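For reference, the structure is listed below as structure tokens.
Values reported hereafter were calculated over all heavy atoms of this structure, with side chains retained and with hydrogens, waters and symmetry mates removed. This one's a predicted model, so the numbers in the text were calculated from it and none came from an experiment.
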Amino acid sequence: MGHALLYALFEGVMGNAPLMAVKAMNATDVQLQLPLAMTSVGLFGSVFLGAAMATRRKKPFVIVPGFAGAVSALLMAWTHSAVWFLSFAGVISIFDFVMRPAVPSIVRIIYPEHRRSHVAGTMRQWASIVFLVATLISASLLSAAKGRVQQIIHLEITFAGLACLAAFACFWRLPDHGDGSEEEAVPASDLERDFSWASFRPLMDYRFQRYLAAFFVFAFANLFHQGVVPAFFARDMHLGYVQATLLIHIIPNLAAFVSGGHLTAWFEGTSVWRSYALITLLWGLDPLILAVAYFSLPAVIVGRVARGPATLGSMVLTFFTGVHSFARPGRNTSRYMAALFLVNGVARLIAPSAAAFALSYVSRRSIILCGGLGILVSSALFWWNSKRDRVEEQSSQHAH
């Protein structure tokens, strides 16, 4: 738990990076798309690493990128250029996503099947509180800094980088085995360590193909509007550091903490389709309300509250347990994650680029509205797949 809380502290400070770039460095809307687009590099890299780690110990695939991300944060702390500042933020995102394919395998090794979603959810639940506190303190210091904003930014991000180093030093000391899957924990022999056709097996799984299609719609719509939200709060709604941080981070994380345990416990007893249908419904309501009723603060708060459990739930399903519904224990876990990250990488490359192009012709509000509607379409796709899976299961039972 300690490493997760330290990493949440790092994420909390870094969560204010877009606001820092907008308000202190005059970053443009197009420049704000840079970290999102750069993340696609990490996701594409994770495709190859997901295949490589399938037959190897997983922990080094987390520790090395983790330390690299911490070093990138320390470099980021001392630049005054919005472009370089956001570029280093993109590099940190690259390393963050490179290590993600190993996480579901580690969860499978350490925890038994009936506890994985709830354990991951509880960890994210408490991490959300640390994230909340770090983000609020960071925003408060920036707001009170007056003419010393740049110095405060340097100190905050340096502190975040050191917290990240400490997080992965703690992770290094975690045990390699637990009460989970033995098949997942056993590495293959050197003769089996290759990029064989088995690495492409997830793409041949028909159910997983449908999952990837629905996930792509969700990821694209979310990433299409996500980059303009800080600018919308700061420029269209004319909010300061603390006000914007309350709406962007604090309220969603409080809602995530309150509802996260119940939500992830519910995941254990239902299908991944129904789980994703619910969280994408909640996620889509947030930008929809923001675009339609941005002039009403209570309505905006309702949308941000809905975003809290949606964020925590999608984090658990995407990065911890969702792929377990398709991949058998063993080498295929990281291979399935690699396929998921390939789709995510395509979305992260295309969506911010499309948003940057669209901003020349439409308003930020229109971008946010389109993103919300797209996410609701993905919710309908997940729900339809839930119904389809149930029909196919009943047909299979009747056939036997």
Side-chain angles (χ1 to χ4, degrees), residues 1-25 27 31-32 34-36 38-39 42 62-100 103 123-124 126-145 148-172 226-227 230 234 241-242 244-246 248-250 252-253 256-257 311 315 319:
M1 180 70 82
H3 69 280
L5 299 183
L6 284 167
Y7 195 67
L9 180 61
F10 165 72
E11 291 180 313
V13 176
M14 297 306 300
N16 280 330
L19 274 176
M20 295 173 185
V22 170
K23 297 183 73 68
M25 303 178 189
Q31 288 171 343
L32 287 171
L34 185 60
L36 294 175
M38 289 179 66
T39 304
V62 175
I63 293 170
V64 174
F67 281 128
V71 172
S72 300
L74 295 174
L75 294 174
M76 176 184 177
W78 300 99
T79 181
H80 297 270
S81 163
V83 172
W84 280 108
F85 186 83
L86 292 169
S87 295
F88 278 121
V91 171
I92 292 169
S93 296
I94 289 173
F95 288 121
D96 180 72
F97 279 97
V98 160
M99 65 182 169
R100 296 287 182 177
V103 174
M123 184 168 61
R124 291 306 309 175
W126 286 101
S128 69
I129 288 295
V130 174
F131 181 97
L132 180 155
V133 172
T135 305
L136 185 57
I137 292 175
S138 167
S140 299
L141 290 173
L142 289 167
S143 183
R148 297 183 294 114
V149 173
Q150 284 289 352
Q151 291 93 322
I152 296 298
I153 289 173
H154 298 332
L155 291 174
E156 285 187 1
I157 297 183
T158 299
F159 174 74
L162 294 175
C164 187
L165 284 173
F168 287 98
C170 291
F171 187 86
W172 198 345
Q226 186 174 304
Y241 279 112
V242 175
T245 298
L246 282 169
I248 294 174
H249 298 300
I250 305 303
N253 276 277
F257 178 76
T311 303
M315 174 74 73
F319 299 120

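Judged purely by atom type and a 3.5 angstrom limit, T158 has no side-chain atom pairing as donor or acceptor with the backbone of A77. Side chain of D96 to main chain of I92: no donor-acceptor pair is present (N/O by atom type, distance under 3.5 Å, no hydrogens or angles). With S143 contributing its side chain and A139 its backbone, the two residues share no donor-acceptor pair below 3.5 Å.
Taking CD of E156 as the reference point, atom CE of M14 lies at 10.5 Å (rounded to 0.5 Å). Put simply, CD1 on I137 and OG1 on T245 are 12.0 Å apart, with the number rounded to the nearest 0.5 Å. Here the CG atom belonging to L141 is positioned 9.5 Å from the CZ atom belonging to R148, to the nearest 0.5 angstrom. Atom CG of residue L74 and atom SG of residue C164 lie 8.5 Å apart, to the nearest 0.5 angstrom. Atom CG of L6 sits about 11.5 Å away from atom CD of E11, to the nearest 0.5 Å. Between L142 atom CG and Q150 atom CD the span is 10.0 Å, to the nearest 0.5 Å.
Between Y7 and F168, the gap from one ring centroid to the other is short of 6.0 Å.
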Throw together a table of side-chain donor-acceptor distances under 3.5 angstrom for residues 80-89, partners on residues two or more places apart or in other chains.
from	atom 1	to	atom 2	distance (Å)
S81	OG	V83	N	3.3
S81	OG	W84	N	3.4
S87	OG	V83	O	2.7

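Residues passing the side chain to side chain donor-acceptor pair (under 3.5 Å) test with Q31, sequence neighbours excluded: none.
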Going through the distances and angles, do W78 and I157 end up as a side-chain contact (heavy atoms from CB on, under 4.5 Å)?
CA-CA 9 Å; W78 300 99; I157 297 183; over 6 Å; no

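Pairing each heavy atom of P18 with each of P230, the nearest pair is CB-CG, 3.9 Å.
In this structure, the side chains of L132 and F257 stay at 4.5 Å or more apart for every pair of heavy atoms. Inter-residue side-chain proximity for I250 and T135 is flagged as met; some heavy-atom pair is nearer than 4.5 Å. When side chains are defined from C-beta on, L165 does not count as touching F10, because their heavy atoms never get closer than 4.5 Å. Taking 4.5 Å as the limit, some side-chain heavy atom of V22 sits within range of a side-chain heavy atom of L32. Within the 4.5 Å cutoff, side-chain heavy atoms of W172 are placed close to those of F67.
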